[in-house]
Each structure stands twice: as structure tokens, then as C-alpha cells.
Amino acid sequence: MRDELEAALRAHHTATLPDGVDRASVCDPDLPTAEIVGWATLVVAGVPLSPAEQGRIAAAAADAFALIALLPVESRPYFARLGLIATLASALAVGAPAPR
């Protein structure tokens, strides 16, 4: 699962925003992109998340997929990947840090 999270983060970092998506929508408080990517980056690095952070990323994962249906079709893959990142990070955050 860690490999999948690393791959999703790499894809996210190299992806451009889809046409029709402006920066304001990426910073939408309903889907906190920067927080999701930040938490996922910490999880990949083996940094444990606090219980509050674990709860917030789990909620962000659920919210990401709930919001996809409301988005334009062409932007859904970008935000689906963000949901995947949140889901994988959430799942890994509750386990022990991975050895390096």
C-alpha cells in the first residue's frame, strides 16, 4: 500500500490542474488538497500522525469521493487521485511507521 501511495503522490506532483479547474477550487475548504498531500507525504516518510490528524485525513478521504460527482467530468480523475491519496494515507497512518 505504501508503494501505491508513493506512486499516487508522484503522479499528483507531476499533474497539471485539469481545464476548467481554478486554484480556488483546489483550495476549497471542503477538499483540503494541501493538507491531504502534506499528511500523505508525512506518512510516506514514516512520521506518525496524531489521532486528530488521523481523523481529519480519514474524513478528507470520505469527502473527496463524495465531492467527485459534483465536479465537471474532465476534472474527476485529478480529484479521484486526491481521494486515493487521502484513503491510502489514512490507512497507513494508523499502522506502525514503515522501516526505511
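Annotation: the span from L88 atom CG to R81 atom CZ amounts to 12.5 Å, rounded to 0.5 Å. In this structure, the separation between CG on D63 and CD1 on I57 is 12.0 Å, given to the nearest 0.5 Å. Separating the CE atom in M1 from the CG atom in L5 is a distance of 9.5 Å, to the nearest 0.5 Å. If you take CZ on F79 and CD1 on I36, they are separated by 10.0 Å, rounding to the nearest 0.5 Å. Taken to the nearest 0.5 Å, the NE2 atom of H13 stands 4.5 Å off from the OG1 atom of T41.
Shown here for A86 and A60, the closest heavy-atom pair between the two residues is CB-C, 4.3 Å. Across all non-hydrogen atoms, the minimal contact from R76 to I68 is NE-O, 3.2 Å. Closest non-hydrogen pair, L82 versus V37, comes out as CD1-CG2, 4.1 Å.
A heavy-atom distance below 4.5 Å is not found between the side chains of W39 and Q54. Here the side chains of Y78 and L71 are not in contact, with every heavy-atom distance at 4.5 Å or above.
Listed by chain and number, the residues in a salt bridge (charged side-chain N to carboxylate O under 4.0 Å, His left out) with E4 amount to none (sequence neighbours excluded).
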